[in-house]
Amino acid sequence: MAHITREQVQHLAHLARLELTDEETAHYTDQLSAIVEAVERVSEVAADDIPPTSHPVPMTNVFREDVARPGLDRADVQAGAPSWEDDRFRVPRILDED
Amino acid sequence: MSVTSEADLVRQDAATLSSALSAGDITSVELTQACLNRISAVDGTIHAFLHVDTDAALATAQDVDRRRAAGEELGRLAGVPLALKDVLTMRGVPTTCGSRILEGWRPPYDSTIVERLRAADVVILGKTNMDEFAMGSSTEHSGYGPTRNPWDVERIPGGSGGGSAAALAAFEAPLAIGTDTGGSIRQPASVTGTVGVKPTYGAVSRYGLVALASSLDQAGPCARSVMDAALLHEVIAGYDPRDSTSINAPVPDVVAGAGNGDIRGMRIGLVRELSGEGYQPGVRESFDKAVAMLTDLGAEVVEVSCPHFDYALGAYYLILPSEASSNLARFDGMRYGLRAGDNGEASVEEVMSRTREVGFGAEVKRRIMLGTYALSSGYYDAYYGQAQKVRTLIARDFAAAFETVDVLVSPTTPTTAFTIGEKVDDPLAMYLNDIATIPVNLAGNCAMSVPIGLAREDDLPVGLQIMAPAQTDDRLYRVGAALEQALLDKRGHALIEEVPAL
């Protein structure tokens with residue numbers, strides 16, 4: 001059923017923020033098609049009336065006491081940052097040219 | 001214990017070392033130094049470690065020795081060295097998850113597991129190699145090169161926790177921590193002749209465990225004996241309010257289970273769907289012999305069917321990539337880790353895409369795209385939605401089976417360790433390694449792999465998987481201890497003693 005096209009892989013890579021090379025795109029097009037073909041067997045199971053499981057141990061409304069806890073050490077966080085300026089994370093511009 | 005040399009010392013199990021430490025026969029500094037020397041001697045070949053924390057390990061050992069000498073009451077594993085999988089954060093110590101995208105990152109906090117290990121005065125030797133972000137079954141997908149199997153250095157040690165398993169089998173550490181999302185503790189244990197346990201989901205806190213698939217991930221103990229695994233299990237398990245999926249209930253008495261080993265009258269089920277075609281003859285043969293041993297030990301062995309297990313692999317490779325694609329979105333090059341292409345001109349989106357392209361390896365990219373596909377509109381119901389329903393059916397298969405039996409058993413893996421490079425660019429062949437281990441992760445119950453012998457055709461270790469209902473982890477240890485003892489009686493020594501000299 002499912003055959004994944006080169007265009008689909010490019011679109012998926014964009015959605016996932018992966019800047020793939022042409023070679024990678026071609027390789028993944030073949031591999032993802034094969035994998036999807038193998039896993040789509042799950043649709044053979046008639047399961048219309050079966051509830052989905054998202055989590056093995058269902059729990060809801062897990063709260064903790066509303067008490068302040070120490071946060072991360074600022075100097076440690078700064079040391080791990082790829083770029084830091086004026087006591088903040090420095091990030092690239094967030095708007096595109098156009 | 002009479003220890004004549006360092007070489008002898010590093011081969012002892014943790015329970016023996018623990019007794020020797022408390023009796024004052026050895027010091028933790030001597031033991032830690034012996035492990036560090038062993039690492040220096042063999043890790044150039046094995047490559048189990050990504051980082052060795054020499055100074056801190058010796059400082060911890062020194063502190064334990066001082067407090068013990070002062071008469072302080074210490075925990076059972078105080079002063080015993082351990083290897084930590086590099087997917088768990090440890091404050092100030094490099095944590096890469098086997099990925100170049102986190103190269104050089106030093107976490108600003110400890111995971112709960114590390115906190116508990118520190119509180120128990122366990123000596124953490126360093127961080128072990130793994131498939132990148134725990135995606136893989138061979139440790140070949142590490143961004144830092146593969147780990148080698150001490151039984152045959154041309155072969156894989158399993159994955160994703162190949163580093164932890166190899167560290168045990170190479171006698172670099174008596175204990176290790178692994179994490180298991182689809183088999184990453186049990187499969188490496190199986191192919192290295194060691195013991196690995198995936199506890200019940202929620203038993204061990206995930207706080208500080210870098211997430212792969214949050215509804216499947218579970219950390220657990222790795223060791224060279226069933227009792228050692230139980231001692232470590234006891235230290236790391238327990239309720240943690242910082243993990244909202246943590247089980248707020250007493251931990252089953254796993255140490256008592258490991259000390260029991262009496263399986264008379266126990267009902268054990270063979271899973272029909274986890275045998276036969278696709279399983280290497282030598283694996284089947286060892287498994288059949290082990291099952292005969294279980295019968296000899298007084299267990300009642302019956303065959304059971306779990307029909308939906310045939311669909312587990314498909315469901316897993318839809319659910320896991322879906323969760324992973326979402327979890328790994330945090331690696332965007334903004335707050336920590338690698339940033340690439342930030343030339344002052346490029347936009348945040350371009351920098352993000354560039355960073356992820358150069359920072360992630362092939363398998364991670366494959367699974368992120370697969371997950372993105374499975375979750376995309378138009379496909380969601382057919383793939384992710386349907387996989388979640390299959391997950392329900394697998395949990396029901398387990399529930400039905402556990403109505404009639406106490407535990408289930410199967411071979412842990414379809415084959416023994418394969419050669420490095422054999423399956424590295426064949427994802428479907430690689431995924432099949434986890435065919436027997438995946439159902440437990442989907443249902444959230446617990447399982448153990450215990451060594452049962454060497455396969456006839458290649459003299460490589462074979463593991464048997466024991467599966468038990470959620471929150472009955474002690475049963476795994478009971479059955480594991482029984483098999484371990486029977487095998488010991490038969491061979492006259494532990495299987496791990498047969499690892500060739502490096």
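Letters A, B, ... mirror the listed sequences (proteins, then strands); counts begin at 1.
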So which part of [X] gets closer than 4.5 Å to some heavy atom of chain A, the side chain, the backbone, both or neither?
| X | result |
| --- | --- |
| B:Ala470 | neither |
| B:Ser326 | neither |
| B:Tyr379 | side chain |
| B:Ser325 | neither |
| B:Phe360 | side chain |

So which of [options] has the biggest tally of heavy-atom pairs under 4.5 Å with chain B?
| options | result |
| --- | --- |
| A:Leu20, A:Val77, A:Val9, A:Leu15 | A:Leu20 |
| A:Gln8, A:Glu24, A:Glu44 | A:Glu24 |
| A:Leu18, A:Leu32, A:Val62 | A:Leu18 |
| A:Gln31, A:Gln78, A:Met59 | A:Gln31 |

Top contributor to chain A interface from [options] [non-hydrogen pairs under 4.5 Å]:
| options | answer |
| --- | --- |
| B:Val348, B:Leu393, B:Asn445 | B:Val348 |
| B:Gly314, B:Gly444, B:Ser353 | B:Ser353 |
| B:Leu442, B:Asn343, B:Leu370, B:Asp426 | B:Leu370 |
| B:Gly341, B:Ala329, B:Gly337, B:Gly92 | B:Gly337 |
| B:Val390, B:Thr200, B:Asp342 | B:Asp342 |
| B:Glu323, B:Arg91, B:Arg366 | B:Arg366 |

So how far is it from [X] [atom1] to [Y] [atom2], rounded to the nearest 0.5 Å?
| X | Y | atom1 | atom2 | result |
| --- | --- | --- | --- | --- |
| A:Arg41 | B:Leu313 | CZ | CG | 9.5 Å |
| A:Asp76 | B:Arg106 | CG | CZ | 11.0 Å |
| A:Arg17 | B:Thr355 | CZ | OG1 | 12.5 Å |
| B:Met369 | A:His11 | CE | NE2 | 13.0 Å |
| A:Leu12 | B:Leu375 | CG | CG | 10.5 Å |
| A:His55 | B:Tyr201 | NE2 | OH | 3.0 Å |

Might you point out which heavy atoms bring [X] and [Y] nearest each other, and give the distance in Å?
| X | Y | value |
| --- | --- | --- |
| B:Ser347 | A:Leu95 | CB-O, 4.4 Å |
| A:Ser54 | B:Ser215 | O-CB, 3.4 Å |
| A:Val42 | B:Ala315 | CG1-N, 3.3 Å |
| A:Val39 | B:Tyr317 | CG1-CB, 3.7 Å |
| B:Tyr431 | A:Ile35 | OH-CD1, 4.0 Å |
| B:Gln386 | A:Val45 | NE2-O, 2.7 Å |

Got [X] and [Y] here, is their nearest side-chain heavy-atom distance under 4.5 Å?
| X | Y | answer |
| --- | --- | --- |
| A:Pro56 | B:Arg391 | yes |
| A:Arg93 | B:Glu350 | yes |
| B:Glu357 | A:Thr21 | yes |
| A:Phe89 | B:Met334 | no |

Original post:
With only heavy atoms counted, which part of A:Glu65 is less than 4.5 Å from chain B, the side chain, the backbone, both or neither?
Top reply: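 Interface part for A:Glu65: neither.
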**OP:** Dump the intermediate steps for side-chain contact (heavy atoms from CB on, under 4.5 Å) on B:Tyr383 and A:Val36, then the final yes or no.
**Re:** CA-CA 9 Å; B:Tyr383 293 137; A:Val36 169; 3.4 Å; yes
Original post:
Who in residues 68-75 of chain A is close to chain B, using a strict under-4.5 Å heavy-atom cut-off?
Top reply: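 A:Arg69, A:Leu72, A:Asp73, listed by number.
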Subject >> ring pair (Phe, Tyr, Trp, His ring centres under 6.0 Å) pairs, two or more places apart, involving residues 14-36 of chain A >> reply: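 Not a single pair qualifies under ring pair (Phe, Tyr, Trp, His ring centres under 6.0 Å).
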Subject >> Crowding at CZ, A:Arg64 (>12 non-hydrogen neighbours, <6.0 Å) >> reply: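 For A:Arg64, atom CZ is crowded (more than 12 foreign heavy atoms under 6.0 Å).
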Original post:
Under 6.0 Å from the CD atom of A:Glu7, do we count more than 12 heavy atoms belonging to anything else shown?
Top reply: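 Above 12, so yes.
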